[in-house]
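Throughout, protein chains are lettered first and strands after them, A, B, ... in sequence-line order, and every chain is numbered starting at 1.
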2 protein chains.
Amino acid sequence: MTQSTGGGRRARRVTLADVAGRAGVDKAVVSRVVNDDPLLNIRPETRARVLAALKELDYRPNAAARSLRTSRAGTVGLFIPDFANPVYTEIITGAETAAAERGCALMVGSSTAGRGGAQSYLDLLGQGRVDGLLLAGGAITDEEQATLADRGLPWLFVNRRGPAAGRHVILDDVLGARMAVEHLLDLGHRRIAHVGGPAGADTAHRRRDGYITALRSAGVEEDPRLLVQGTYGPEGGAQAVHRLLDGPEPPTALFVANVTSAIGVLSALRAHGVAVPGEMSVVAVHDLPLAEYLIPPLTTVRMPLRALGARATRLLLSVPADHPVEEVVREPIELVMRQSTAKPK
Amino acid sequence: MTQSTGGGRRARRVTLADVAGRAGVDKAVVSRVVNDDPLLNIRPETRARVLAALKELDYRPNAAARSLRTSRAGTVGLFIPDFANPVYTEIITGAETAAAERGCALMVGSSTAGRGGAQSYLDLLGQGRVDGLLLAGGAITDEEQATLADRGLPWLFVNRRGPAAGRHVILDDVLGARMAVEHLLDLGHRRIAHVGGPAGADTAHRRRDGYITALRSAGVEEDPRLLVQGTYGPEGGAQAVHRLLDGPEPPTALFVANVTSAIGVLSALRAHGVAVPGEMSVVAVHDLPLAEYLIPPLTTVRMPLRALGARATRLLLSVPADHPVEEVVREPIELVMRQSTAKPK
DNA sequence: CTGAAAGCGCTTACAG
DNA sequence: CTGAAAGCGCTTACAG
C-alpha cells in the first residue's frame with residue numbers, strides 16, 4: 001500500500017498546484033491552459049510562464065481525479081469472445097486507432113479470462129471505468145443484457161445485431177458472400193456448396209443469405225445438400241468437407257464462411273485426394289496475411305474489419321446513448337484472387 | 001458533457017452515501033463492509049442491514065474516486081507490438097486471467113495504433129491509469145526507456161530481456177530449441193538448418209543458442225551456411241528456404257524459429273517441389289490450433305505462453321518496483337509431433 | 001461498535 | 001484577466 005516508485009527510482013507526483021506555484025498563478029488557470037479552454041482569456045506572457053512550468057515539471061494530469069470530477073473515464077471498453085481469433089484482432093486494431101484519435105484509451109476484455117462471460121468483464125469494470133462498451137461477436141445472455149441496461153452505460157454491438165436494441169454496426173456480409181459466390185459463378189461453377197458458420201452467429205446468417213441470393217440471381221437452383229453448417233474454426237471446415245464429399249453429387253466449388261475454417265477445408269480436401277483448384281475451387285471470407293502461404297494460396301474476400309472497429313468506436317463516442325444506431329460500414333470489400341479457384345474441369 | 005444515460009435508459013449513480021442513508025449508518029461503515037476491512041468490528045445485524053442496502057441499490061464502487069483516494073488504479077497495462085501475432089494473443093490471455101484473479105483489469109495497447117511506438121501508449125496512459133506496465137516484445141527506444149523511468153511506474157519486460165534493467169520474465173527458449181533440434185537428431189538428421197528470427201529479437205537469439213548447443217552436444221559440426229536469418233512472419237520463412245535450397249549441400253531438416261514463419265517455409269518448399277517430410281523435415285517453435293491443419297500437419301514445440309503472461313502479471317503486482325526480477329518460467333515445454341518430420345531418406 | 005472529518009487532484013461556475 | 005471555493009465519491013486514521 002506504499003506509494004510505488006518506478007522500476008528502481010522515485011518520482012513525486014506533480015500536481016496542478018505544483019505547476020501553479022511555479023508559474024505564480026492559480027491552479028485554475030493552469031487547468032484551463034492544459035485543457036485549452038476556449039473561454040480562457042489569458043495574457044500571452046502568463047500563458048508562456050504556465051507552459052514553461054508545465055514542461056519543466058513534466059506535468060501529467062491525474063486520470064482518476066479528472067475522471068472523478070468530470071465523470072468521464074476517457075476509456076472505451078471492448079468485449080470479445082477470444083483474442084486468438086484474427087477477426088477480432090483486426091477489429092481491436094481499428095478500435096484502438098479511433099480511440100487514440102479521440103484521446104481515449106481502449107480496454108479490451110475477452111470471455112476466456114475469468115469464469116467467462118461478459119458478466120465477469122462487466123463486474124471487473126465496476127463503475128466509471130469506461131465511458132461505453134463495444135460488444136463484438138459472441139453470445140450475450142439475458143442476464144448480461146439486463147446488467148448492461150442497469151449499468152447506465154452506452155453500448156454498441158459490433159459485427160452482430162444485438163438482441164433487441166437497435167444499436168449495432170455491422171459489415172455488408174451479404175455483399176461479401178455474393179462477391180465470393182459470383183466469382184465462382186463467373187468461373188463457370190454451378191454446383192457450389194456453402195460451408196457455413198455456427199448456428200447462432202449473425203454473420204453466418206448474413207453470409208448464407210448472400211450465398212443464396214447470388215445463386216438465385218444467376219438462376220442456379222439451390223440444393224439443400226450443398227448447404228453445410230460448420231464452425232468458424234478449422235475442425236468445422238474439415239468435417240463439412242467429409243460430409244459434402246460423401247454425398248451423391250459432390251460440388252465443384254466451395255464458398256467457406258470464414259478463412260480459419262477454410263484452413264481445415266484445404267486440409268480435409270487434401271486428405272481426400274481432391275486437388276485444389278483442379279477438382280475443387282475454394283474461396284473464403286476474410287483475408288489474412290497467411291492466406292497467401294496456404295497450399296494453395298487461398299482466394300479470399302477481404303472485409304473492412306479495421307474500419308468496422310474504428311467506426312463503431314467513433315459512433316459509441318459521439319452518438320447519444322438513447323439514439324438508435326443501425327449502420328452498415330460501406331468501406332470497399334475486395335476479392336483477393338489467388339490460386340484456390342479455377343474453372344471447373 | 002451531459003451525464004450519459006445507458007443505451008436508452010437512465011440510471012442515477014448510487015453512491016456510498018445512498019447506501020449509508022438507507023442502512024442508517026455512516027458511509028465509512030459501508031466502505032469498510034464493502035472492502036472487507038478485517039479491523040472492522042460490526043454487529044451482525046448492522047452488517048446485515050448494510051449488505052441488504054448494498055444489494056437493493058446494486059451499489060458499485062466508483063473506480064475513479066477509489067483510485068484517487070488510494071492512488072491505486074486496479075489496472076495493469078500491457079504493451080505489445082501487434083495484436084495480429086498469435087504469440088501475443090496467448091500472452092494477453094494469460095495476463096488477463098491473472099489480472100482478473102487479483103481483481104485487476106488489463107489495458108492492452110499496441111504500437112499499430114497511434115503514430116506507433118510505446119511513447120504514444122505511454123502518453124495515452126497519462127498518469128495513474130495503470131499500476132504497472134508489462135512490455136512484451138518489440139523494440140523500445142532510448143527515449144521511451146527514459147519516459148518509463150520518469151514515470152514512477154513499475155515495469156517488467158515480458159518474453160525479452162530489457163536493455164539494462166534486471167526486470168524481465170522469459171521462457172526457456174534455449175530448451176525449446178534444443179528439444180526441437182534433438183527431435184531431428186533422434187530421427188537421424190545431421191544436416192539441420194536453422195531459419196532464425198529477426199536480428200534484434202531476444203527470443204531469436206536464445207533459440208539460436210539452443211540450436212547450436214544441441215548440435216554440439218551431439219557432436220555434429222556446425223555449418224554457417226545452414227544458419228539463415230528470417231523474420232517471424234511467413235515471408236521471412238519463404239525467403240530463407242530459397243536461400244537454403246540454392247546452396248551446394250542443402251539440409252535434410254529445418255528448425256524454424258517461429259510457427260508463423262514455418263507457414264512460409266512449407267509454402268516455399270512446396271513451390272520448390274521438395275516433399276515434406278519425405279525430402280525435408282520441418283519443426284517450429286510455438287504451437288497453434290491451425291498447425292494441425294497445415295499441409296502437412298506441422299510438428300511444433302509448444303511453449304507455455306499463457307503461463308508466461310500470467311506469471312509476469314503476478315510478479316508485476318507483487319514484487320516491489322525497485323527489486324530485480326529475472327525469471328525463467330518453468331512450465332513444461334512440449335514437443336507436439338505431427339507429420340512434418342521423419343527419418344532422412 | 002460506529003461516526004465525523006480530512007483530503008486525494010482535478011474542473012467549473014462565479015466573483016472581482 | 002485571474003483567483004477562491006465547492007465538490008466529484010471514496011478511504012482512513014482518529015475520536016468517542
Detail all sub-3.5 Å separations between protein N/O atoms and N/O atoms belonging to nucleotides 13-16 of chain C.
from, atom 1, to, atom 2, distance (Å)
C:dA13, N6, A:R32, NH2, 2.4

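Protein atom CG of A:L40 is 13 Å distant from nucleotide atom P of C:dT12, rounded to whole Å. Rounded to whole Å, the distance from CG on B:D37 to P on C:dG3 is 15 Å. Between the CG atom of B:D26 and the P atom of C:dA4 there is a distance of 6 Å, given to the nearest Å. Separating the CZ atom of B:R13 from the P atom of D:dC10 is a distance of 9 Å, rounded to the nearest angstrom. At whole-Å resolution of the value, CZ in B:R129 and P in C:dG9 are 17 Å apart. One interatomic measurement links the two molecules: NZ of A:K27 to P of C:dC8, which rounds to 10 Å at whole-angstrom precision. For A:R60 and C:dC10, the CZ to P distance is 13 Å, given to the nearest whole Å. Rounding to whole angstrom units, CZ of residue A:R69 and C1' of D:dC10 are separated by 16 Å.
In this structure, the side chain of A:D131 engages the main chain of A:A73 through a donor-acceptor pair within 3.5 Å. The closest donor-acceptor contact from the side chain of B:D202 to the backbone of B:R161 lies under 3.5 Å.
For A:R306, the salt bridge (Lys or Arg N to Asp or Glu O under 4.0 Å) criterion is met by A:E90, not counting sequence neighbours. Scanning for salt bridge (Lys or Arg N to Asp or Glu O under 4.0 Å) contacts around A:D82 gives an empty result, with sequence neighbours left out. Listed by chain and number, the residues in a salt bridge (Lys or Arg N to Asp or Glu O under 4.0 Å) with B:E327 are B:R311 (sequence neighbours excluded).
If you check residues 41-59 of chain A against DNA chain D, the residues with a heavy atom closer than 4.0 Å are A:N41, A:I42, A:R43, A:T46, listed by number.
Closest to the A:L16 side chain, of the nucleotides C:dT11, D:dT11, C:dC8, is C:dT11.
B:T75 and A:R129 share a donor-acceptor pair across their side chains, judged by distance under 3.5 Å alone. A side-chain N or O of B:R66 and one of B:N35 form a donor-acceptor pair less than 3.5 Å apart.
Between B:V29 and A:A65, the residue anchored closer to the 5' end of DNA chain C is B:V29, taking for each the nucleotide with the nearest heavy atom.
Note that CE of B:M107 and CG of B:L134 are 14.5 Å apart. Values are rounded to the nearest 0.5 Å. We find the CD1-OG distance between A:I92 and B:S110 to be 9.0 Å, quoted to the nearest 0.5 Å.
Between C:dT11 and A:N35, a contact under 4.0 Å exists linking OP1 or OP2 to a side-chain N or O. Proximity of B:S31 to the phosphate of D:dT11: a side-chain N or O atom is located under 4.0 Å from OP1 or OP2. Side-chain nitrogen and oxygen atoms of A:R66 include none within less than 4.0 Å of the OP1 or OP2 phosphate oxygen of C:dG9.
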Intra- and inter-strand pairing of DNA chain C, written as dot-bracket with Watson-Crick and G-U pairs under 3.5 Å and | for the latter, reads |||.||||||||.|||
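Annotation: side chain of A:R314 is not in contact with side chain of A:V319 (no heavy-atom distance under 4.5 Å). B:R49 has its side chain within reach of B:T46: a pair of non-hydrogen atoms, C-beta onward, lies under 4.5 Å apart.
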For a side chain to side chain donor-acceptor pair (under 3.5 Å) check, start with the C-alpha distance between A:R13 and B:S71, then their side-chain angles and the critical distance, and finish with the verdict.
CA-CA 11 Å; A:R13 192 148 279 187; B:S71 59; 5.5 Å; no
